[in-house]
Amino acid sequence: MTDQEKTFEPMSIQDISNGLSANDVQFSDIAAAKGCSVSHVYNVATGNSTSKHIATAICLSLGKSLSSVFGDKYTTSKKRGPKNRETRRQQIVEAIKQGKPVPRPRMDHM
């Protein structure tokens with residue numbers, strides 16, 4: 001198995017907490033650095049919430065890679081929203097050019 005094919009088990013919250021303590025880092029320090037709540041950092045650490053930039057901050061604080069701390073959770077990209085906005089953009093452009101209100105989006109296109 002190559003390094004690229006390896007999958008990592010995520011660290012437990014206890015392991016993350018112990019690692020942060022060993023580096024004299026608290027969740028509140030990460031929260032202050034990222035401008036978010038301590039509970040958000042904790043929820044990302046436990047896996048109850050997803051935030052790649054908070055997860056990255058946790059990893060930097062531990063001196064470990066994203067995959068070694070969170071497993072494969074952040075290795076795939078998941079884009080939200082429509083893949084192609086061209087149809088919606090055209091609706092908006094036409095409405096504005098005609099001086100009409102922009103129509104509400106249809107949920108089946110999203």
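Model, not experiment: these values are computed from the prediction.
For Ser39, the side-chain hydrogen bond (donor to acceptor under 3.5 Å, both in side chains) test picks out Ser37, with sequence neighbours left out. Checked against side-chain contact (heavy atoms from CB on, under 4.5 Å), Arg104 has no partners two or more places apart in sequence or in another chain. For Pro103, the side-chain contact (heavy atoms from CB on, under 4.5 Å) partners at least two apart in sequence or on another chain are Arg88, Gln91, Ala95. Take Asp15 and apply the side-chain hydrogen bond (donor to acceptor under 3.5 Å, both in side chains) test, not counting sequence neighbours, and it matches Ser12. Gln14 meets the side-chain hydrogen bond (donor to acceptor under 3.5 Å, both in side chains) test with Asn18; sequence neighbours excluded. With sequence neighbours excluded, no residue forms a side-chain hydrogen bond (donor to acceptor under 3.5 Å, both in side chains) with Thr50. Remark: Thr46 engages Ile13, Tyr42, Asn43, Asn48 in a side-chain contact (heavy atoms from CB on, under 4.5 Å) (not counting sequence neighbours). Taking Ala31 as the reference, Cys36, Val38, Val41 meet the side-chain contact (heavy atoms from CB on, under 4.5 Å) condition, with sequence neighbours excluded.
If you chain together ILVMFWY residues whose side-chain heavy atoms come under 4.5 Å of each other, Ile96 ends up grouped with Ile92, Val102.
Formation of a donor-acceptor pair under 3.5 Å by the Lys73 side chain with backbone atoms of Pro10 is not found in this model.
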Name every donor-acceptor pair, under 3.5 Å, that has one atom in a side chain of residues 55-64 and the other anywhere in the protein, sequence neighbours excluded.
{"residue": "Thr56", "atom": "OG1", "partner": "Lys52", "partner atom": "O", "Å": "2.8"}
{"residue": "Ser61", "atom": "OG", "partner": "Ala57", "partner atom": "O", "Å": "2.9"}

Go through it in stages, so that I can follow the logic: the residues are Glu94 and Gln98, the test is side chain to side chain donor-acceptor pair (under 3.5 Å), and I'd like the CA-CA distance, side-chain angles, deciding distance and then a yes or no. CA-CA 6 Å; Glu94 287 178 20; Gln98 294 173 6; 4.9 Å; no
For this session: Mind running side chain to side chain contact (heavy atoms under 4.5 Å, CB included) on Phe27 and Ser17 for me, showing each step along the way?
Result: CA-CA 9 Å; Phe27 289 128; Ser17 294; 3.9 Å; yes
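Under the 4.5 Å side-chain criterion, counting only non-hydrogen atoms from C-beta, His40 is in contact with Ser49.
Among residue pairs with one or both ends in residues 24-35, those qualifying as side-chain hydrogen bond (donor to acceptor under 3.5 Å, both in side chains) are Gln26-Ser28; sequence neighbours excluded.
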